[in-house]
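Numbers here are sequence positions counted from 1.
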Amino acid sequence: MVTKVTSGGTESILMACKAYRDLGAERGVKYPEIVAPISAHAAFDKAAQYFGMKIVHVELDKRSMQVDVKAMKKAISRNTVMLVCSVPQFPHGIMDPVEQVAKLALDYDIPLHVDACLGGFLIVFMEKAGYSLPPFDFRVKGVTSISADTHKYGYAPKGSSVVLYSNKKYRHYQFFVAPDWQGGIYASPTIAGSRPGGIIAACWATMMYMGEDGYIKATKKIIDTARHIEAQLRKIKEIFIFGKPEVSVVAIGSQIFDIFRLSNAMTSKGWNLNTLQFPSSIHICVTLLHTKDRVADQFVEDLRESVAEIMKNPDEKTTGRGAIYGMAQSIPDRTLVTEISHGFLDCLYSTELPKVEKNYMNGASSQH
């Protein structure tokens with residue numbers, strides 16, 4: 001096994017995609033394709049756009065919210081250069097069936113990337129924390145790379161992640177080398193040429209401070225809390241939980257009322273939940289803060305009260321941010337959503353000062 005430190009989960013994913021694109025080119029693939037679940041991180045779509053690849057999205061099993069393995073098999077073509085699983089995926093916190101997908105990878109001789117950016121530093125310690133999971137890493141024959149973010153549950157400063165390969169031959173395809181540049185031989189292992197060594201050093205220091213025992217204790221607290229929240233929310237009949245969450249994310253939906261109303265209600269009570277689309281849902285991502293005394297119980301109590309209030313008029317339309325999010329996913333022309341997003345990003349970089357209207361009046365203002 002070999003590894004490389006990157007600037008974050010997106011770069012870790014990009015590096016794996018770049019490596020498999022180049023491996024595919026060596027095998028004669030001119031139009032490389034990524035086969036990934038629709039729940040896989042958007043960084044795979046970003047990689048496809050950056051590197052001239054095509055991403056083939058595979059539907060999920062509607063009950064388990066895992067990738068549909070039969071559908072994934074049908075999506076494989078002569079242009080497929082990599083398969084993707086998430087452990088867990090971000091929207092619903094569900095572990096994809098890595099062992100089943102790995103069999104496809106072996107049968108078709110295609111690399112399999114396992115994205116553990118969100119929960120990598122939880123799932124690796126869950127067994128020692130007393131929770132069992134199906135194998136998901138290099139113990140599974142067919143898994144060729146894994147991405148994991150040290151800045152999430154690794155508790156390192158933001159801006160650090162790792163991408164691991166089962167064999168250094170795969171990592172070589174990640175590298176970039178310009179042997180004929182007039183400035184000398186230029187070789188770079190990741191996208192950035194100059195990288196902040198301070199963040200990498202701080203990441204290492206954090207891991208040494210936490211130690212294996214520290215990570216195991218933190219993992220146990222988080223998984224205990226997440227499962228307690230899940231068990232309590234399942235008792236609220238007006239909502240449902242997506243699939244069987246096994247790590248730290250619990251996703252909530254409703255067939256009775258607009259779930260974004262619940263998001264708004266919980267925001268007004270001080271909770272920050274992620275809003276999701278296709279289908280409409282919200283989720284809580286449990287961290288160490290939620291494991292503190294009474295926090296999880298307060299969350300459940302606030303959610304139960306919010307649902308009871310909503311059920312006084314379940315057909316009422318949502319307002320505020322929830323309404324905006326609900327409208328955005330209902331727009332059939334997705335290019336319009338893209339254009340609006342471009343405008344939002346432009347605003348973030350705008351240096352123009354707001355115009356202030358000046359009122360010029362004759363004489364003293366008291367006379368007017």
Side-chain angles (χ1 to χ4, degrees), residues 1-4 6 9 12-29 32-37 39-41 43-44 47 53 55-56 58 60-61 64-89 94-128 131-149 161-175 244 246-247:
M1 182 188 77
V2 295
T3 187
K4 195 74 198 74
T6 69
S12 290
I13 289 171
L14 260 63
M15 290 293 87
C17 294
K18 189 267 183 190
Y20 297 139
R21 182 203 65 174
D22 290 1
L23 173 61
E26 193 173 273
R27 292 178 173 182
V29 178
E33 295 180 357
I34 303 167
V35 174
S39 56
H41 197 279
F44 290 100
M53 306 170 77
I55 186 162
V56 180
V58 180
L60 308 181
D61 178 272
S64 69
M65 301 308 284
Q66 294 178 316
V67 66
D68 185 328
V69 180
K70 290 183 179 178
M72 180 169 271
K73 182 177 180 179
K74 291 180 181 179
I76 295 172
S77 73
R78 67 182 65 185
N79 292 322
T80 304
V81 296
M82 67 183 293
L83 304 179
V84 174
C85 279
S86 303
V87 288
Q89 38 101 314
I94 305 299
M95 301 275 288
D96 280 324
V98 174
E99 291 177 294
Q100 295 179 48
V101 176
K103 289 179 181 178
L104 291 180
L106 290 172
D107 289 344
Y108 290 91
D109 190 24
I110 299 171
L112 168 58
H113 181 79
V114 173
D115 176 30
C117 282
L118 174 60
F121 278 79
L122 290 175
I123 57 176
V124 74
F125 297 110
M126 280 180 63
E127 185 175 345
K128 290 186 177 180
Y131 291 100
S132 61
L133 284 177
F136 56 84
D137 49 22
F138 295 134
R139 293 172 294 175
V140 181
K141 193 174 181 182
V143 175
T144 53
S145 58
I146 301 172
S147 50
D149 284 0
S161 176
V162 292
V163 56
L164 305 90
Y165 297 97
S166 61
N167 191 299
K168 67 180 181 182
K169 69 179 181 182
Y170 296 116
R171 187 172 66 173
H172 284 171
Y173 292 102
Q174 174 186 306
F175 298 158
K244 183 184 176 184
E246 294 187 88
V247 195

Hey, could you give me each pair passing side-chain hydrogen bond (donor to acceptor under 3.5 Å, both in side chains) that has a residue in residues 131-140? Not counting sequence neighbours.
-> Tyr131-Asp224, Asp137-Arg139

Can you name the residues that form a side-chain contact (heavy atoms from CB on, under 4.5 Å) with Ala71, not counting sequence neighbours?
-> Val58, Asp68

To the nearest 0.5 Å, tell me how far Asn167 CG sits from His172 NE2.
-> 9.0 Å

Keeping to residues at least two apart or across chains, list the salt bridge (Lys or Arg N to Asp or Glu O under 4.0 Å) pairs with something in residues 163-175.
-> none

Please table the atom pairs, donor to acceptor, closer than 3.5 Å between any side-chain atom in residues 94-110 and protein atoms at least two apart or in another chain.
unit_1: Asp96; atom_1: OD1; unit_2: Val67; atom_2: N; d: 3.0
unit_1: Asp96; atom_1: OD2; unit_2: Ser86; atom_2: N; d: 3.0

Residues forming a side chain to side chain donor-acceptor pair (under 3.5 Å) with Ser39, sequence neighbours excluded = none

What is the distance from atom CD1 of Ile13 to atom NE2 of His41, rounded to the nearest 0.5 Å?
-> 6.0 Å

Partners passing side chain to side chain donor-acceptor pair (under 3.5 Å) against Tyr173 (at least two apart in sequence or in another chain) = Glu26

Indicate yes or no for a side-chain donor-acceptor contact from Ser161 to the backbone of Ala148 under 3.5 Å, with no hydrogens or angles considered.
-> yes

Are any of the side-chain heavy atoms of Ser147 and His113 separated by less than 4.5 Å?
-> yes

Without placing hydrogens or testing angles, list every side-chain donor-acceptor pair under 3.5 Å for residues 76-84, not counting sequence neighbours.
unit_1: Ser77; atom_1: OG; unit_2: Glu33; atom_2: OE1; d: 3.1
unit_1: Ser77; atom_1: OG; unit_2: Asn79; atom_2: N; d: 3.1
unit_1: Thr80; atom_1: OG1; unit_2: Ser77; atom_2: N; d: 2.9
unit_1: Thr80; atom_1: OG1; unit_2: Ser77; atom_2: O; d: 3.3

Is there a donor-acceptor pair closer than 3.5 Å between any side-chain N or O of Thr3 and the backbone N or O of Val163?
-> yes

Calculate, to the nearest 0.5 Å, the distance between atoms CD1 and CG belonging to Ile146 and Leu112 respectively.
-> 9.0 Å

Please list, chain by chain and in numerical order, all residues satisfying salt bridge (charged side-chain N to carboxylate O under 4.0 Å, His left out) with Lys70, sequence neighbours excluded.
-> none

About how many Å separate SG of Cys85 and CD of Gln66, when rounded to the nearest 0.5 Å?
-> 9.0 Å

Please list, chain by chain and in numerical order, all residues satisfying side chain to side chain donor-acceptor pair (under 3.5 Å) with Gln174, sequence neighbours excluded.
-> Tyr165

Who pairs with Phe121 by ring pair (Phe, Tyr, Trp, His ring centres under 6.0 Å), at least two apart in sequence or on another chain?
-> Tyr215

Atom pair CZ/CG of Arg21 and Leu14 - distance to nearest 0.5 Å = 10.5 Å

By side chain to side chain donor-acceptor pair (under 3.5 Å), which residues pair with Lys18, not counting sequence neighbours?
-> Asp22

